[in-house]
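By convention in this document, chain letters (A, B, ...) are assigned in the order of the sequence lines, proteins followed by strands, and residues within each chain are numbered from 1. None of the values given here were measured: they were computed from a predicted structure.
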2 protein chains.
Amino acid sequence: MVKGNHMRAVTIDDVAKKAGVSIKTVSRVVNREPNVRAATKEKVEAAIKELNYRPNQSARGLAARRSYMIGLLYDNPSPNYLANLQSGVLEACHEKDYGLALNPVSFHDPDLVETVVHWVRQSSIDGVILTPPLTDSIPLLEALSQQNIPSAVISSRGTGDAPAALIDEEEAAYEMTRHLIISGHRDIAFIKGHPDHYASGLREKGFLRAMESEGVPVAPGFMEQGYFDFASGQEAASRLLDLPKRPTAIFASNDDMAAAVIFEAHSRKIDVPGELAVAGFDDTPLSRQIWPGLTTVRQPIRAMGHQAAGLVLDTLAAGKGADEERKDVIQVDFELMIRGSTATSR
Amino acid sequence: MVKGNHMRAVTIDDVAKKAGVSIKTVSRVVNREPNVRAATKEKVEAAIKELNYRPNQSARGLAARRSYMIGLLYDNPSPNYLANLQSGVLEACHEKDYGLALNPVSFHDPDLVETVVHWVRQSSIDGVILTPPLTDSIPLLEALSQQNIPSAVISSRGTGDAPAALIDEEEAAYEMTRHLIISGHRDIAFIKGHPDHYASGLREKGFLRAMESEGVPVAPGFMEQGYFDFASGQEAASRLLDLPKRPTAIFASNDDMAAAVIFEAHSRKIDVPGELAVAGFDDTPLSRQIWPGLTTVRQPIRAMGHQAAGLVLDTLAAGKGADEERKDVIQVDFELMIRGSTATSR
DNA sequence: TTGAAAGCGCTAACAT
DNA sequence: ATGTTAGCGCTTTCAA
């Protein structure tokens, strides 16, 4: 493959000339539009191949008023979450020859809605994927829908406002709680997730439902507020472990907080899992890298990213707008990962 | 702000009208071209701000024959590394109204060079940023240079093949090793990094230099090969801790492997730091979330991403090609983070 | 220092 | 089933 530094790029005109058709016909073939005779199509495809033609994305975007890019919106997710999600989204984009534009935003920005809509308009982003907690901003969802911007959400309230890829958060928390109860625990404390996240409520609900259905009471002071970060987990853990009658098990709403619980236990010489069982949520690498290994809930973030991107791209492929929005909800399976932090035999 | 469904995006004409100048003048301001009176410039900037104008990338790309995008190439970095780096790069891109295109590739792909060059050409990517170990692929660097594709590397052999943002890896390893020696250790083992990474060699060199200069011999079997992942750290740690006369300190070439050392120590009831001191490299969140806290070397990845993007964008701004490539090397400061895993008084 | 005019390569709307 | 004609919003010439 020899190329000079300033080789003129092959354009649609070159292809049209070589195939002996108009540029519009070439355009039709490239965009897989109907109404092209098979023979014509073949001629054009041959010319494209011979010239090694690739449409200029800028020209395409300018003329068609779209960018052939979808946007990923996020607010300060954990590195692990972002990397996995992005990897899945990129994969799906790659399959459909779409590009990915990233946009880190702030959930609490009063101009969030305007910022996002403006970004989409100015960049001609064709569709967007939202991640928690942005997925739980009703004004944002409404604006996107009203502005006819195709979108999909990762995890969400599942109200069907937009297509979604999610797990059954409540059921996952329910099952994890049952695991603790079945392991013999009755003094189980819970550290809640960040209140901005709708999923936090679901996890809490799952916990409470399991306790109630098993007839295990939640002791006073055993429900602590956390914010998904290590520091808040540490504070919550401190309070719980300083209680006169401390819990024998703590279920934290995510792994970072669970790791903080273990950290605090270690520093007080409280044996995990002997004196204290700990469970988390997310199955981050961290859960395998601390000692003892952390029992947690695995969600297939990567796959969910892939699915969500697929939902957006399907909408795009279906109708050029998001008019007849298909409000799919893809529920994927979670998995309980039982590790050392809740081991019973020792 | 009321907007209909098909609100026309703000264009350069709107800005020109509002500022009372021609579109060319707006263009000059946007592109920071010279020969614009300060007063005019201010008027235009005010209009841009008021209308919240962002240039249409497709139109820009079409007219200027470039994409206004830079590419970020990576091969399976740790989530934390990727998230931080990307954040810095995005920030720099945002400042200059550039877009970012991501490209996960494989260092061992025999078609790596062709894949990358083709991708850059097809997408009209204006320049690229390489991350380790891609930064250490001579053929890749040569191809980019030969094809006149502006690029910058994050960390590298520092040979000046391309502009780079890096820390003094060897010196960092040297100082960490000295910290261990000064803390009273003499039986110090080292777990090497992935051999694909040039930095691995530098870190090893720093370790050996410190040992030698302090007159501390490296015991047989005290140099272990690792691959930067937790599993390889575990294996290396197992071998080291099973030695008849085991080390009193282990310096692992990154945090994941150091965490594995601590994990293995815990599971053998070896007290850290009492019986075994452990040091890592990277200052990942993990280093603060395991117990005891991990002594490590902090590199400002985010800042390095920002710098590297700046180097590429500067090249782009300077000459339209990378003709008179400025082979800058920006060295940023590292920092020793001393935490519990190497504490002396207990 | 500024502006007017001419495209960049493609798709959309309307021919035929 | 295929072609013609206008732009899309910007940068580039070149002129003033």
Counting the atoms with a prime plus P, OP1 and OP2 as sugar-phosphate, which does [X] contact under 4.0 Å by heavy atoms, base, sugar-phosphate, or nothing?
X: A/Tyr68; answer: nothing
X: B/Thr40; answer: sugar-phosphate
X: B/Val21; answer: sugar-phosphate

- Message: Can a donor-acceptor pair be found, under 3.5 Å and without considering hydrogens, that links the side chain of A/Asp126 to the backbone of A/Tyr68?
- Response: yes
- Query: Under 3.5 Å, is there a donor-acceptor pair between the side chain of A/Asn31 and the main chain of A/Glu33?
  - Reply: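 No, A/Asn31 side chain to A/Glu33 backbone: no donor-acceptor pair under 3.5 Å.
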Let me know the distance between [atom1] of [X] and [atom2] of [N], rounded to the nearest Å.
X: B/Glu33; N: D/dC14; atom1: CD; atom2: P; result: 16 Å
X: B/Arg66; N: D/dG9; atom1: CZ; atom2: P; result: 21 Å
X: A/Tyr53; N: C/dC10; atom1: OH; atom2: P; result: 3 Å
X: A/Arg65; N: D/dA6; atom1: CZ; atom2: P; result: 17 Å
X: B/Asn31; N: D/dG9; atom1: CG; atom2: P; result: 17 Å
X: A/Ile48; N: C/dC10; atom1: CD1; atom2: P; result: 10 Å
X: B/Ile23; N: C/dA6; atom1: CD1; atom2: C1'; result: 11 Å
X: A/Asp14; N: C/dG9; atom1: CG; atom2: C1'; result: 11 Å

- Message: Please find the pair of heavy atoms, one from A/Leu311 and one from A/Asp328, that lie closest to each other, and give the distance.
- Response: CD2-CB, 3.8 Å
- Nearest atoms (heavy-atom pairs only) where A/Arg28 meets A/Asn35: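 Result for this residue pair: CD-O, 4.2 Å.
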- Out of D/dT11, C/dT11, C/dG9, which nucleotide sits closest to the side chain of A/Leu62?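 The listed nucleotide nearest to A/Leu62's side chain is C/dG9.
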On a plain distance test, is the side chain of [X] in donor-acceptor contact with the base of [N] below 3.5 Å?
X: B/Lys24; N: C/dA4; value: no
X: A/Arg37; N: D/dT2; value: no
X: A/Arg28; N: D/dG3; value: yes

If the cut-off is 4.0 Å, is [X] near the phosphate of [N], judged by side-chain N/O to OP1 or OP2?
X: B/Thr25; N: C/dT2; value: no
X: B/Asn56; N: D/dG9; value: no
X: A/Ser22; N: D/dT2; value: no
X: A/Asn35; N: D/dT2; value: no

- Message: Using a 6.0 Å cut-off, check whether atom NZ of B/Lys41 has over 12 heavy atoms from anything other than its own residue.
- Response: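 It does not: B/Lys41 NZ has 12 such atoms or fewer within range.
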- Result for 5'-nearest mapping on DNA chain C, choosing between A/Arg60 and B/Val36, is B/Val36
